[in-house]
Every structure is written in structure tokens, then in C-alpha cells.
Amino acid sequence: MSGSSLAGAKRRFRRAAGVNVAGNAAKIAVEGAAGIAFGSVALLADAAHSVADLVASAVVFVWGGSRYDDADAEHPHGHQRIEPLTALFVGAIIFLLGVVLLRESVLGLLGVPEVSASPVLVGALLFAIADMYVLYWYTTRVNVDLGSTALAALATDCLNDIYTSLAAMVGVIGAFLDLPILDPVAGAVVSLLVMYQGVQIARENVTYLVGAAPPDGDRDRVTEALRSHHAVVGVHDLRVFYDGTELEVEVHVEVDGEMTLRRAHDIETELVTRLRDLDGVGDVHVHLDPSGVGEWKDAAEGRNRY
């Protein structure tokens, strides 16, 4: 991306994260007030879940956009890993909150739940569901072009919030049916969904942070792009791995050893450009070898055997 494109992408990113902050704050206010007023554990659990969402979206708003900043002296490879780091934080916060909510739900099951039936509880949950759907739709739409893992985590969280609010609705219905036990049961279900969501988000973003290998299809795309060049005789020592959410490529390419250094330089430039044009690829490091000549490491191994 050009500098102006990066600036525009960062603005869209921060706007989407900011809308998530506002949407979660509205949900907390409505559900929290209703849950306290009528003693609904399920509503309080759902509202507390959104406290974590609020913190997570605020972290994404403040730090997640750093991926669009240029490389500098302290970050010579850019800031790509900051975004999955913020998304990992989102996952960890969500999981820990799920543990706390599960504890509260178990305590509710062991005690005698006191939930007052009121249409206000239903109205609060319907507001929460509508609020989260709008956030999910908006965040997903913005992220079509951005491809942000942090925004994807927020969108997934919004979608899961809809499911947790539906589970909380079961508890509210229990109050109307004189079955208050359904409220802590629903709270427990919400808690388990929250914990599962946190684990899934964390697992995905750990993959980006530790430089794991991508799916085989991404490696195949790189290999095909290299082998389709007319000057390439062979490809070896190919390494494709995540650097943040982008792919980094290291590869040795065999070419005609009789060509001039200037021609070899031009071919290397063409190959690097070709790989960087692939979707999701960031840094590329291409080493040219004359075809038919063994690697220096093979020679070193041979000397060590004698």
C-alpha cells in the first residue's frame, strides 16, 4: 500500500474499533441496569461479558492500528505483530472473564436464585441482540478490505454475544415460568461460550505471533509463482511463515549460472515483486544459485565427514 492508502486504512480501522467501543458501552449500560434492578444473573453475566469486550475493543482501538505504521529504527520489519498481540489480549480477557462468570453461575445453582419477572429484562436483551448484530455487520463489512485479525476477533465476539444473549433469554423466560433455576443455568451456558470463544481467538493469534507455517495452499501459491518464471530452473530451501498476520518468504532459486550479474539482479527483482504481489505476502528474501552447483552447506558437511 502507498502512504495515503495506509493512512486511509488506519482511519477505517480505528473508526470500526471506536464503533465497537461505543456499542459495547451501550449494551453494558442497558443490560447492567436491568440485571441489577431485577436480580438476573444471566443478564449481569451477559453485561459483564461486554465489559471484557469493551476493554478489548479499546485495546484494539489504541494499539491495533499500529500495523499500518511504517517500519522504523526500533521496528525494522514493521509493526505487523502488534495486531495479533492485541487480538491475543482480547482472547485472554474473554477467557478469564468466562471463568469468573462460570463461578458465579455455579454459586447461583447452589443457592436460591431470586429473579423478578419483568418485560424490561426481555427488552434489554432484545436491545443487546440488535446492538451486537449491527456491530457485527458493520465490523465485518469494514474488514472485507482491511483483512484485520483484530477486527475479525471483534466481529466474532459480536456474533457470539448474540448467542450468549439468547442463552440469557432462557433465564429470563424461566422467571416468567416460575423456574428461576434457569437463570443460573443460562449464566453457566453463557460462561462456557465465552471461555470457548477466548480460547479460539487466542489459538489463532498465537499462530501469527510464533511464526508458524501457514496452510499448505499458501506454500503452494508461492512455489507456483516462482516456478512459473521462465528463468527459474529449480526451487529449494523454501520457508514460508507468519510474521504477524503477513507471510514472510525465504527461498533459494536456481538459475542459469552463466548469466551476467546484472541479469541475475533483474531476475531476483522480478521474483521478489511477483511474490510480494501475492495476497497476504509481506517480506520476501530470494537467494539466487547457479543451477547444478551444490549448496555451501553440503560442501561443509562433506568436509566434516573426512
Side-chain angles (χ1 to χ4, degrees), residues 20 23-59 87-133 135-136 153-154 156-206:
N20 273 266
N24 281 301
K27 182 187 176 192
I28 292 167
V30 172
E31 282 194 320
I36 292 172
F38 297 97
S40 172
V41 175
L43 246 71
L44 288 176
D46 206 29
H49 173 206
S50 291
V51 172
D53 296 342
L54 178 63
V55 173
S57 54
V59 169
L88 178 62
F89 176 80
V90 172
I93 287 291
I94 290 172
F95 178 81
L96 291 175
L97 183 62
V99 173
V100 174
L101 297 180
L102 181 60
R103 175 180 176 275
E104 294 301 317
S105 298
V106 171
L107 291 177
L109 288 170
L110 297 177
V112 180
E114 296 182 1
V115 184
S116 301
S118 171
V120 174
L121 296 177
V122 177
L125 283 170
L126 291 176
F127 171 83
I129 292 170
D131 183 31
M132 288 299 106
Y133 177 77
L135 277 185
Y136 168 75
L154 293 183
T156 299
D157 195 19
C158 291
L159 188 60
N160 284 334
D161 277 357
I162 296 175
Y163 302 144
T164 59
S165 294
L166 290 173
M169 187 72 79
V170 173
V172 172
I173 292 173
F176 283 98
L177 298 177
D178 199 25
L179 293 172
I181 193 66
L182 289 181
D183 188 73
V185 169
V189 173
V190 170
S191 302
L192 293 174
L193 290 173
V194 170
M195 292 167 64
Y196 174 77
Q197 170 195 349
V199 170
Q200 290 297 100
I201 292 174
R203 285 179 60 185
E204 176 186 357
N205 286 280
V206 164

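- Between Met132 and Leu135, the closest side-chain pair of non-hydrogen atoms falls below 4.5 Å.
- Met195 is not listed as a side-chain neighbour of Val199, based on a closest heavy-atom distance of 4.5 Å or more.
- For the pairing with Asp161, the side chain to side chain contact (heavy atoms under 4.5 Å, CB included) check across Asn24, Leu166, Ile129 returns one residue only, Asn24.
- Of all heavy-atom pairs spanning Gly23 and Asp131, the tightest one is O-OD2, 2.6 Å.
- Judged as a salt bridge (Lys or Arg N to Asp or Glu O under 4.0 Å), not a single pair has a partner in residues 118-130 (not counting sequence neighbours).
- Scanning both residues, Val120 and Ala34, for their nearest heavy atoms gives CG1-CB, 4.3 Å.
- Atom CG of Asp157 is separated from atom CD1 of Ile162 by 11.0 Å, given to the nearest 0.5 angstrom.
- Residues Val99 and Arg103 have side chains not in contact (no heavy-atom distance under 4.5 Å, counting atoms from C-beta outward).
- Other residues, nucleotides and ligands contribute only 12 or fewer heavy atoms inside 6.0 Å of the OH atom of Tyr133.
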Without placing hydrogens or testing angles, list every side-chain donor-acceptor pair under 3.5 Å for residues 25-33, not counting sequence neighbours.
{"from": "Lys27", "atom 1": "NZ", "to": "Ser50", "atom 2": "OG", "distance (Å)": "3.1"}
{"from": "Glu31", "atom 1": "OE1", "to": "Ala47", "atom 2": "N", "distance (Å)": "3.4"}

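- Between Leu125 and Ser165 the shortest heavy-atom distance is CD2-O, 3.8 Å.
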